[in-house]
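Have a look at the structure below, then the notes.
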Protein chains: 2
Amino acid sequence: MDLWKRFGEKEVSHSMAHYLQAVASLKTEKGHARVGDIATHLGVSKSGVTSMLRSLQTRGLISHEKYGCVELTVSGQRLAERTESSRLVITRFLTEILGVSEAIASEDACMIEHLVSPEVSVELLRLTSFLRSEHPAARALLQAYRATPHECTDHSPDACAVCQTSCLRDSLVRDIGDSAERTGV
Amino acid sequence: MDLWKRFGEKEVSHSMAHYLQAVASLKTEKGHARVGDIATHLGVSKSGVTSMLRSLQTRGLISHEKYGCVELTVSGQRLAERTESSRLVITRFLTEILGVSEAIASEDACMIEHLVSPEVSVELLRLTSFLRSEHPAARALLQAYRATPHECTDHSPDACAVCQTSCLRDSLVRDIGDSAERTGV
DNA sequence: CTCGCCAGTTAAGCTACCTCAACAATCTTG
DNA sequence: CAAGATTGTTGAGGTAGCTTAACTGGCGAG
């Protein structure tokens, strides 16, 4: 299967998603988004911004005339909002339900926000809301969940409800040090 | 914050992760991985494979000599295993806990498998295992969760445990049609 | 042995995204 | 209303990852 090739065919790339978010946040923050603001906000050169704006304009996500301010089109606005919502949902799920540190949650959310389908984001929101609610089943679950040890003592096939032929955990935990180092934790 | 720039600084790119996985799966499938096999497996040209192999060799993830078979190094093998484990964990969480369709789950997992930190993957595995286990709190929660309506009726600030100033759901659901179309659902 | 085929490589070219350096437009201010 | 600072654009150049086209290494059949 060459599902993997769709990565390059996403409606927007990682960079584009962040340009759109930058424009959106500058607009709400200071009322307008200019090339220099975007460049500063994203930590890239102004020339990089100019050429990216051209590309975003071609895709109908922004409008921008020479030396003017940048405006999001309706679809650009939608995309920016959706990406931002995904980011928030993912971050909250990672920190509040999975109990991952803020640093790692923010980094992971930033990496995947634009790649997660709305279907998944909306379900993730639903699960997070439910688990954070006052519903007795949710409270009971979280309490029981927090109480069980982190270590899966028995990871033989079929003992764990997720692993099958081999223990998935083993290949994950051994890399945890490496990634913590990068994040500066 | 320019967290977003780390996207390009990941140990491996999306493509690289899939090349490594292709080599690993060909090795277990037919005992060896050759350029042509990899090209077929990934649906790219042989010349593309040759140049990617050069790049992976430079990074110490594979070894490959001219006209020979491709071998994963220890770090290449670790990376391939970790990516594959993440993919499995994510897929199972999306289908079995969130209840998303196989098609969407596979696509999303394929997009993000290499971007999710091992910390998050391992916690996701733990949650999924727990929820799929026989633990009474898990059974009760899933039952209650499945029974609650999909619609969040009250999304005013503070009513929902996740949304704050505005309803995150609104910006997500309106895009669901668009993405289903792409996936061919 | 050599001809031909297949696997693999090199070369050139494309798109995306970035950089720096030079230039052009606009704004500010005396 | 010009001088100079600020802001934005253009252009050339680099890396990553792909493509196609042309070339080469290795090997079996006659």
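All figures in this text were calculated on a predicted structure; none of them were measured in a lab. Each chain gets a letter, A, B and so on, in the order its sequence line appears, and its residues count up from 1.
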Q | Atom-pair distance (NZ on A/K66; C1' on C/dC27), nearest Å | A | 18 Å
Q. Does A/E29 have any salt bridge (Lys or Arg N to Asp or Glu O under 4.0 Å) partners at least two apart in sequence or in another chain, and if so, which?
A. none
**Q.** Along DNA chain C (nearest heavy atom to each residue), the more 5'-positioned of A/M16 and B/G68
**A.** B/G68
**Q.** For A/G60 against A/S75, the heavy-atom pair lying closest together
**A.** O-OG, 3.3 Å
Q. Are B/V120 and A/I104 side-chain neighbours, meaning at least one heavy-atom pair lies under 4.5 Å?
A. yes
Q | ring-ring contact (aromatic ring centres under 6.0 Å, His included) involving B/H64 - partner list, sequence neighbours excluded | A | none
Q | Close approaches to DNA chain D from residues 47-58 of chain A, in residue order (heavy atom, under 4.0 Å) | A | A/S47, A/T50, A/R54
Q. With sequence neighbours left out, what residues match A/K66 under salt bridge (Lys or Arg N to Asp or Glu O under 4.0 Å)?
A. none
(Q) Quiz question: by atom type and distance under 3.5 Å, do the side chains of B/T148 and A/R126 form a donor-acceptor pair? (A) yes
Q | With A/F130 via ring-ring contact (aromatic ring centres under 6.0 Å, His included) - residues at least two apart | A | A/H135, B/Y145
**Q.** Partner of B/Q21 under side chain to side chain donor-acceptor pair (under 3.5 Å), chosen from B/H41, B/E81, B/E113
**A.** B/E113
Q. Through what angle, rounded to 10 degrees, does the axis of the helix from C/dC1-D/dG30 to C/dG30-D/dC1 turn between its ends, using five pairs per end?
A. 10°
Q | Residues A/E71, A/I62; criterion side-chain contact (heavy atoms from CB on, under 4.5 Å); working and verdict | A | CA-CA 6 Å; A/E71 300 295 336; A/I62 61 157; over 6 Å; no
Q.
List the residues meeting side-chain contact (heavy atoms from CB on, under 4.5 Å) with B/S55, not counting sequence neighbours, and say none if there are none.
A. B/M16, B/M52, B/R59
Q: Please report the shortest heavy-atom distance between A/L79 and A/L20, naming the atom on each side.
A: CB-CD1, 4.1 Å
**Q.** Span of DNA chain D, from the first to the last nucleotide whose atoms fall under 4.0 Å of chain A heavy atoms
**A.** D/dT7 to D/dT19
Q: Flag the pair B/V70 / B/Y19 as yes when at least one side-chain heavy-atom distance between them is below 4.5 Å, and no otherwise.
A: no
Q: Classify the nucleic acid contact of A/H64 as base, sugar-phosphate or nothing, counting any heavy atom under 4.0 Å across all strands shown.
A: sugar-phosphate
(Q) Restricting to salt bridge (Lys or Arg N to Asp or Glu O under 4.0 Å), what partner residues turn up for A/R54, sequence neighbours left out? (A) none
Q.
Taking salt bridge (charged side-chain N to carboxylate O under 4.0 Å, His left out) as the cut-off, I'd like each qualifying pair that reaches into residues 32-47 of chain A, sequence neighbours left out, listed once.
A. A/K30-A/D37
Q. Any salt bridge between B/R6 and B/E9, counting N to O under 4.0 Å?
A. no
Q: Would you mind classifying the nucleic acid contact of A/S45 as base, sugar-phosphate or nothing, using non-hydrogen atoms under 4.0 angstrom?
A: base
Q | Positions of residues 29-38 of chain A (non-hydrogen atom under 4.0 Å from DNA chain D), listed by number | A | A/R34, A/V35, A/G36
Q: Take atom OH of A/Y67 and atom P of C/dC23, then tell me their distance rounded to the nearest Å.
A: 14 Å
Q) What residues in residues 18-27 of chain B put a non-hydrogen atom under 4.0 Å from any atom of DNA chain C? A) none
Q) Phosphate oxygens OP1/OP2 of C/dA21: is one of them under 4.0 Å from a side-chain N or O of A/K46? A) no
Q: Please check if any side-chain donor atom of A/S45 sits under 3.5 Å from a side-chain acceptor atom of A/S47, or the reverse.
A: yes
